[in-house]
Undergrad: 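Handing you a structure now.
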Amino acid sequence: MDIFEGLNPAQVAAVEHTTGPLLIMAGAGSGKTKVLTCKIANLLAQGVAPYNILAITFTNKAATEMRERVDRMIGPKAKDVWLSTFHAFCARFLRREIEALEGYKHNFVIYDSSDSQTVIKTCLRELNLDEKQYTPNSIQAAISNAKNTLQGPRAFEQSADNFFKEKVSDVYKLYQKKLRANNALDFDDLLMITVVLLEEHQDICAKYQARFKYIMVDEYQDTNGAQYQLTKLLAAQHHNLCVVGDADQSIYGWRGADIRNIMDFEKDYPEVQTIKLEQNYRSTKTILAAANAVIENNIDRKPKELWTENAGGEKITSYLANDERDEAQFIATTVMKQKTIFNSSFGDIAILYRTNAQSRVLEEGFMRAGIPYTMVGGLKFYDRKEIKDIHAYLRVIFNPADTVSLMRIINVPKRGLGDATIAKMNEFAAMNDMTLFDVVSNPAQVPGLTARVKKPLEIFAEFVFKMMAYQDNLSVHDLIDRVMNESGYIAELESEKKPENETRLENLKELLSVAKDFEKGDEIPNLENFLSQVALVSDIDNANLEEDRVTFMTLHSAKGLEFPIVFIAGMEEGLFPHSRTLMNESELEEERRACYVGITRAERKLYLTNARGRMIYGHTVSYPQSRFLSEIPEEYMERLVVRQNAYGFANSSVVQQRGYGSAFRPSVQMQQASGHGTITTPVMQQTGTAIRPDTNVNWHVGDKAKHGKWGTGTVVSVRGSGEEVELKIAFPGQGIKGLMQKYAPISKE
DNA sequence: ATACCTGCTTTTTTT
DNA sequence: AAGCAGGTAT
């Protein structure tokens with residue numbers, strides 16, 4: 001077969017290029033996946049051995065897809081190409097090599113962010129730091145940031161130039177020590193430790209450098225410092241590094257992705273050849289023109305204009321809803337129309353939104369309309385309590401040093417081991433340099449343990465040992481089955497009469513079938529690989545988008561996908577762009593790129609919706625339409641608006657066309673009834689700042705403050721400034737309350 | 001040891 | 001609105 005068939009000249013050039021660094025600037029829908037697969041096929045066809053090729057993708061799903069496509073072109077050789085995400089690559093690498101580093105063992109477990117947050121909380125407690133002042137979230141972000149820029153605990157300590165960072169540094173050190181004691185790595189460690197290992201062990205590094213003669217990295221604009229360094233190290237010998245990306249689609253800056261990695265690629269590799277793919281094969285002229293018009297508003301950007309030979313297509317439809325439920329209903333009825341009148345398949349349709357919280361109302365609308373859908377993300381399968389519990393059992397069986405997991409299950413199902421008992425054992429473990437599991441399996445010397453606790457401990461330890469012995473002889477599926485049943489977990493769910501237990505049991509069945517599927521896969525189906533996979537797959541990897549269902553997901557999850565019909569919901573200032581980005585120009589530009597990504601997912605038809613008012617944190621707020629919506633020229637738009645009846649309520653079955661130039665200005669103020677009279681929700685500024693309580697008010701000690709619930713009180717202290725003003729207010733008969741000005745429903749009396 | 005209640009905080013996006 | 005930590009009652 002001809003590898004070059006159906007490629008345009010730029011694509012051919014990209015595929016033909018094999019030696020030396022290559023930068024492919026690939027616009028949305030320009031066929032970059034095709035180019036990458038053809039490149040791999042071409043290399044294999046030229047006789048390059050599959051294990052000499054390393055290809056990094058952004059999701060596991062993309063990796064699998066690419067492998068299948070190469071397979072179809074060139075045959076089973078494709079199986080031996082190293083093709084995975086950065087994180088999966090590092091996990092695989094470290095399973096083989098990590099013991100070169102002091103203190104780690106090959107059977108490490110991978111902690112997700114909630115596991116790592118648990119560890120951070122114990123660190124904070126041990127260091128006597130106030131969780132209110134040093135929130136686990138902010139500490140976690142700071143540590144993650146450090147790791148993404150390859151700052152280990154020592155380097156971080158050196159650079160800590162303020163009080164907060166010094167505290168973070170203390171936590172970071174302890175956190176890292178604990179991970180090591182648990183024989184665990186977090187997501188960021190996978191990358192950082194890999195780089196450290198390669199840098200410290202020349203022999204190992206040389207081995208892999210020699211091996212990977214050809215390296216390709218997709219979505220290069222979303223690589224962070226650690227990933228950048230890793231790529232650079234691996235490519236240092238052969239220099240055959242091909243990176244593909246689109247700076248306009250960089251949307252992971254908040255995760256440490258550094259857009260400079262792609263912008264400065266030419267500086268890093270002066271001999272680089274650059275190829276631009278600017279012809280779009282995906283979208284209509286209208287959709288592309290809208291996308292171009294939006295992205296042009298970014299200042300920090302190299303100019304680029306995608307073009308297409310596709311038809312002009314339909315106008316983009318916008319809809320101004322009354323509230324989020326009306327928005328959901330509009331989307332549902334429009335989807336129904338697409339299905340019945342235009343004969344679209346549900347599978348052709350995607351609903352995109354900025355925040356996961358938006359999905360709920362949309363789901364309700366679809367349920368009411370009886371439209372089948374699948375949701376990507378949100379409460380992830382592996383984040384559900386019952387799945388995490390069983391998963392914790394498996395981790396303890398695999399790596400008994402994993403105390404975080406052990407703590408999770410030691411009394412689940414209930415076996416009469418309470419806080420007091422566990423605290424005593426933990427203390428004993430710490431004093432004697434043992435792991436908690438060491439103590440659990442040998443509790444005799446622990447002082448102060450009551451007799452009635454010994455029996456359940458013995459039974460529990462025996463159970464874990466038994467399962468450990470099984471792990472080499474049983475399939476993962478059978479092991480899980482035994483864990484669920486013999487631990488008493490299932491029995492507890494069945495005996496309790498809680499309504500949610502039914503779905504929990506369903507989910508556990510689902511876990512069993514996940515294990516069955518895993519055993520059919522390419523990898524050796526042992527517990528080690530199962531645990532790695534569970535830790536590193538994302539929802540998008542598992543989503544079955546082939547079925548005849550509408551897909552719900554965030555804009556971020558949608559990257560790399562395409563759909564004939566796309567809805568983007570919540571086109572409002574404060575939601576998209578999100579309020580937390582409005583103060584910061586570069587974050588705002590990242591929002592705009594997310595919008596660009598969203599628009600360019602659409603092939604045929606795009607709908608953009610916003611609402612006059614919507615519930616956020618239990619309050620109704622009113623946001624003006626998103627600036628991104630305003631940035632699309634009128635000529636590409638068809639605007640609809642819900643008709644309001646005399647009382648200002650929507651009659652949502654009726655939609656009227658909105659005339660040009662008469663774009664509805666949402667009311668800037670909303671009134672809300674309450675037992676204490678009328679509260680005015682904050683006023684939207686003309687500049688488009690997010691709604692929030694008025695932080696312009698200056699509070700002083702002695703001021704009288706009126707609170708929605710507590711009535712009138714006197715300010716007794718004012719701390720902090722700007723966004724962070726914290727007030728203490730004495731309310732007669734109700735004591736002194738601490739309030740954050742930005743959240744509290746207070747006004748000056 | 002555990003179930004229940006109350007009051008408070010709030011993640012935007014994810015490997 | 002809703003999840004969660006912390007406290008209290010069983």
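Throughout, a chain's letter reflects where its sequence line sits, starting with A, and its residues are numbered from 1.
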Undergrad: Which sits closer to the 5' end of DNA chain B, A:Ala357 or A:Val453, going by the nucleotide each is nearest to?
TA: A:Val453
Undergrad: Need one value for A:Tyr252: base, sugar-phosphate or nothing, where a base atom within 4.0 Å counts as base even if backbone is also close, heavy atoms only.
TA: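 Sugar-phosphate contact only - A:Tyr252 comes under 4.0 Å of backbone atoms but never of a base.
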Undergrad: Given atom CZ of A:Arg384 and atom C1' of C:dG3, what is their separation to the nearest angstrom?
TA: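 Distance, rounded to whole Å: 16 Å.
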Undergrad: Does a side-chain N or O of A:Thr581 approach OP1 or OP2 of B:dT12 to a distance below 4.0 Å, or not?
TA: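 Indeed not, no polar side-chain atom of A:Thr581 lies that close.
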Undergrad: Among B:dA1, B:dT12, B:dT14, which is the nearest nucleotide to the side chain of A:Asn356?
TA: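 Of the candidates, B:dT14 comes closest.
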Undergrad: Using whole Å, report how far CZ of A:Arg360 lies from P of C:dG3.
TA: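 Taking atom P of C:dG3 as the reference, CZ of A:Arg360 is at 7 Å.
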Undergrad: Roughly, in whole Å, what's the span from CD in A:Gln117 to P in C:dG3?
TA: 17 Å
Undergrad: Looking for any heavy atom pair under 4.0 Å, which part of the strands does A:Arg415 touch: base, sugar-phosphate only, or nothing?
TA: nothing
Undergrad: Looking only at the side chain of A:Trp254 (C-beta and beyond, no hydrogens), which of the listed nucleotides B:dT13, B:dA3, C:dA1 gets closest?
TA: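 When the side chain of A:Trp254 is considered, B:dT13 is the closest of B:dT13, B:dA3, C:dA1.
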Undergrad: Looking at A:Asn224, does any N or O in its side chain come under 4.0 Å of the phosphate oxygens OP1/OP2 on B:dT15?
TA: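 False: A:Asn224 side-chain N/O out of range (4.0 Å or more) of B:dT15 OP1/OP2.
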Undergrad: First locate atom CD1 of A:Ile56, then atom CD1 of A:Ile215, and finally report the distance between them rounded to the nearest 0.5 Å.
TA: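 Result: 8.0 Å between the selected atoms.
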Undergrad: Taking OP1 and OP2 of B:dT11, is either one under 4.0 Å from a side-chain nitrogen or oxygen of A:Tyr617?
TA: no
Undergrad: Could you check whether the rings of A:Phe93 and A:Phe89 sit parallel, tilted or perpendicular, using 30° and 60° as the cut-offs?
TA: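 A:Phe93 vs A:Phe89 ring planes: parallel.
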Undergrad: Could A:Asp389 and A:Arg504 be called an ion pair, given the rule that one side-chain N must be under 4.0 Å from one carboxylate O?
TA: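 No salt bridge links A:Asp389 with A:Arg504.
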Undergrad: List, with names and distances, any nitrogen or oxygen atoms from the protein found under 3.5 Å away from nitrogen or oxygen atoms belonging to nucleotides 7-10 of chain C.
TA:
none

Undergrad: Describe the nucleic acid contact of A:Asn60 in one word from base, sugar-phosphate, nothing, applying a heavy-atom distance below 4.0 Å.
TA: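 No contact.
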Undergrad: Under the 3.5 angstrom rule, does the side chain of A:Asn261 hit a backbone N or O of A:Tyr220 as a donor-acceptor pair?
TA: no
Undergrad: Rounded to whole Å, how long is the line connecting atom CD of A:Gln140 with atom C1' of B:dT11?
TA: 11 Å
Undergrad: Quickly work out the A:Met571 CE to B:dT12 C1' distance and round it to whole Å.
TA: 16 Å
Undergrad: If the cut-off is 4.0 Å, is A:Lys132 near the phosphate of B:dT9, judged by side-chain N/O to OP1 or OP2?
TA: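 No, A:Lys132 has no side-chain N/O under 4.0 Å of OP1/OP2 on B:dT9.
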Undergrad: Rounded to whole angstroms, how far apart are CD on A:Gln227 and P on B:dT14?
TA: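 One finds 16 Å between P of B:dT14 and CD of A:Gln227, rounded.
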Undergrad: For A:Asp112, which contact category applies under a 4.0 Å heavy-atom criterion: base, sugar-phosphate, or nothing?
TA: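 Nothing, no nucleic acid heavy atom in range.
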Undergrad: Take A:Leu417 and A:Thr135, find for each the nucleotide of DNA chain B with the closest heavy atom, and name the residue whose nucleotide sits nearer the 5' end.
TA: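 By nearest-heavy-atom nucleotide position, the 5'-most residue is A:Leu417.
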Undergrad: A side-chain contact here means heavy atoms from C-beta on lying under 4.5 Å apart; do A:Asp186 and A:Ile110 qualify?
TA: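 Side-chain contact under 4.5 Å: no.
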Undergrad: For A:Ala491, does its backbone N or O pair with a side-chain atom of A:Ser495 as donor and acceptor, under 3.5 Å?
TA: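 Such a contact is found between A:Ser495 side chain and A:Ala491 backbone.
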Undergrad: In whole angstroms, how far is the P atom of B:dT11 from the CG atom of A:Asn145?
TA: 17 Å
Undergrad: Given 3.5 Å as the limit, does a donor-acceptor pair link the side chain of A:Arg354 with the main chain of A:Glu572, or not?
TA: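 No, A:Arg354 side chain to A:Glu572 backbone: no donor-acceptor pair under 3.5 Å.
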Undergrad: Distance check needed: B:dT10 C1' versus A:Met615 CE, whole Å only.
TA: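 It is 15 Å, rounded to the nearest whole Å.
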Undergrad: B:dT12 base to A:Arg580 side chain: any donor-acceptor pair below 3.5 Å?
TA: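 Counting by modelled atom types and ignoring angles, no donor-acceptor contact under 3.5 Å is found here.
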Undergrad: Taking the minimum atom-to-atom distance to the side chain of A:Glu587, which one of B:dT11, B:dT14, B:dT12 wins?
TA: B:dT12
Undergrad: I'd like to know if the side chain of A:Thr135 and the backbone of A:Glu131 have a donor-acceptor N/O pair within less than 3.5 Å.
TA: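 Side chain of A:Thr135 to backbone of A:Glu131, a donor-acceptor pair under 3.5 Å: no, none is there.
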Undergrad: Among the nucleotides B:dT14, B:dT12, B:dT11, which one has an atom lying closest to any side-chain atom of A:Asn137?
TA: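 Among the listed nucleotides, the one closest to the side chain of A:Asn137 is B:dT11.
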Undergrad: Which part of the nucleic acid does A:Asp188 contact within heavy-atom distance under 4.0 Å: base, sugar-phosphate only, or nothing?
TA: nothing
Undergrad: Answer yes or no as to whether B:dT15 has its base stacked against A:Phe86, where stacking requires a ring-centre separation under 5.5 angstrom and planes under 30 degrees apart.
TA: no
Undergrad: Using a heavy-atom cut-off of 4.0 Å across all strands, would you classify A:Lys121 as base, sugar-phosphate, or nothing?
TA: sugar-phosphate
Undergrad: Considering only B:dT2, B:dA1, B:dT12, which nucleotide approaches the side chain of A:Thr355 most closely?
TA: B:dT12
Undergrad: Taking all non-hydrogen atoms of both residues into account, name the closest pair between A:Leu352 and A:Arg601 and its distance.
TA: CD1-CG, 4.1 Å
Undergrad: Taking 5.5 Å and 30° as the limits, would you call A:His578 and the base of B:dT12 a stacked pair?
TA: yes
Undergrad: Please check this pair: side chain of A:Glu591 against backbone of A:His578, looking for a donor-acceptor N/O pair closer than 3.5 Å.
TA: yes
Undergrad: Could you work out which one of B:dT13, C:dA5, C:dA2 sits closest to the side chain of A:His556?
TA: B:dT13
Undergrad: I want to check one thing: is the phosphate of B:dT14, taken as OP1 and OP2, less than 4.0 Å away from some side-chain N or O of A:Ser557?
TA: yes
Undergrad: With rounding to the closest Å, how many angstrom separate the C1' atoms on C:dC4 and B:dT13?
TA: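 Result for the C1' pair: 23 Å, nearest Å.
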